[in-house]
Amino acid sequence: SEHNFGGQPLPKIGEFKVMQLAKMAAGLGQVTPIPEKFSFAHAMTHLAPLWISGVDSIESREIIWEAAQASWKKNGMPGWYVDGRMGGTDSHVLTVNLDDAESRAAYANSLAPGGGFTEDPCAMRSTVFAGMGCAAEIVGEVARILQGNGKSRQRNTEWLSGQRIEGWTA
């Protein structure tokens, strides 16, 4: 979106951010970027045990969340969902073990209106550090999952004050 252009540390103009991020994440294993606008139909064509969402709107998150759950149900293996959100100088990383009904319900509540997240556009204040911090949190969550130490949680960080809240606020 127009809010993201100036604050993103991905310099290659004309290439989708998801493609640039996939190149950066290639060392983690097989990465399947989806450069077109995601739709529910992708759920059955992109079966994956780990989904990472970092989109601009709750509406897009809802579509990806439904697709991840459908993929998990069809796949029949353990699954994880990691959602990175930003607002101004805040970031929120929500990690969901798809095998845990309580965690799925808590995440679903975070999609509801007034889900407790900053409404500011993610680069409203030209804060590259919040984006970098959010990315670091996501990579940390993925590393814990891959090492077998993943857990469902919500981490909220206000990067200017250093305040961090962990748990489910929903």
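Only a predicted model underlies this, so the values are computations on that prediction, with no experimental measurement involved.
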Query raised in the report: Who are the side chain to side chain donor-acceptor pair (under 3.5 Å) partners of Arg61, not counting sequence neighbours?
Result: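 Once residues adjacent in sequence are excluded, the partners of Arg61 under the side chain to side chain donor-acceptor pair (under 3.5 Å) criterion are Asp83.
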
Query raised in the report: Between Ser152 and Asn97, which heavy-atom pair has the shortest distance, and what is it?
Result: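 It is OG-N, 2.8 Å.
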
Exercise answer: donor-acceptor pairs, residues 130-137 side-chain atoms, under 3.5 Å, sequence neighbours excluded:
| from | atom 1 | to | atom 2 | distance (Å) |
| --- | --- | --- | --- | --- |
| Glu137 | OE1 | Arg155 | NH1 | 3.3 |
| Glu137 | OE2 | Arg164 | NH2 | 2.2 |

Report task. Indicate yes or no: at least one non-hydrogen side-chain atom of Trp80 is less than 4.5 angstrom from one of Val142. Result ->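 No. Closest side-chain heavy atoms not under 4.5 Å.
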
Requested in this report: With sequence neighbours left out, write down each residue that passes side chain to side chain donor-acceptor pair (under 3.5 Å) with Arg144, or none if nothing qualifies.
Outcome: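 If we apply the side chain to side chain donor-acceptor pair (under 3.5 Å) test to Arg144, skipping adjacent residues, the hits are Glu141.
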
**Report entry** side chain to side chain donor-acceptor pair (under 3.5 Å) partners for Trp65, two or more places apart
**Finding:**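 In terms of side chain to side chain donor-acceptor pair (under 3.5 Å), with neighbours along the sequence ignored, Trp65 is linked to no residue.
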
Requested in this report: State the OG-CD1 distance between Ser53 and Ile63, to the nearest 0.5 angstrom.
Outcome: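 Going from OG on Ser53 over to CD1 on Ile63, the span is 10.5 Å.
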
Query - Note, Tyr81 side chain near Thr95 side chain (heavy atom, < 4.5 Å) - result: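 When only atoms from C-beta onward are counted, Thr95 and Tyr81 do not touch, as no gap falls below 4.5 Å.
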
Query - Heavy-atom check, side chain of Val82 versus side chain of Val93, under 4.5 Å - result: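 When only atoms from C-beta onward are counted, Val93 and Val82 do touch, with a gap below 4.5 Å.
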
Query raised in the report: At their closest point, which heavy atom of Tyr107 faces which heavy atom of Val96, and how far apart are they?
Result: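 That would be CB-CG2, 3.6 Å.
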
Report task. Return the set of residues passing side-chain contact (heavy atoms from CB on, under 4.5 Å) with Lys151 (not counting sequence neighbours), or none when no residue passes. Result ->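 Scan of Lys151 (side-chain contact (heavy atoms from CB on, under 4.5 Å), adjacent residues dropped) gives Arg153, Glu166.
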
Query - Partner set under side-chain contact (heavy atoms from CB on, under 4.5 Å) for Glu102, not counting sequence neighbours - result: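 Asp100.
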
**Report entry** side chain to side chain donor-acceptor pair (under 3.5 Å) partners of Gln69, counting only residues at least two apart
**Finding:**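 Testing Gln69 for side chain to side chain donor-acceptor pair (under 3.5 Å), a comparison that skips the adjacent residues, returns none.
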
**Report entry** Contact summary for Leu94 and Arg85, nearest pair of heavy atoms
**Finding:**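 Leu94 and Arg85 have their closest heavy atoms at CD1-NE, 3.9 Å.
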
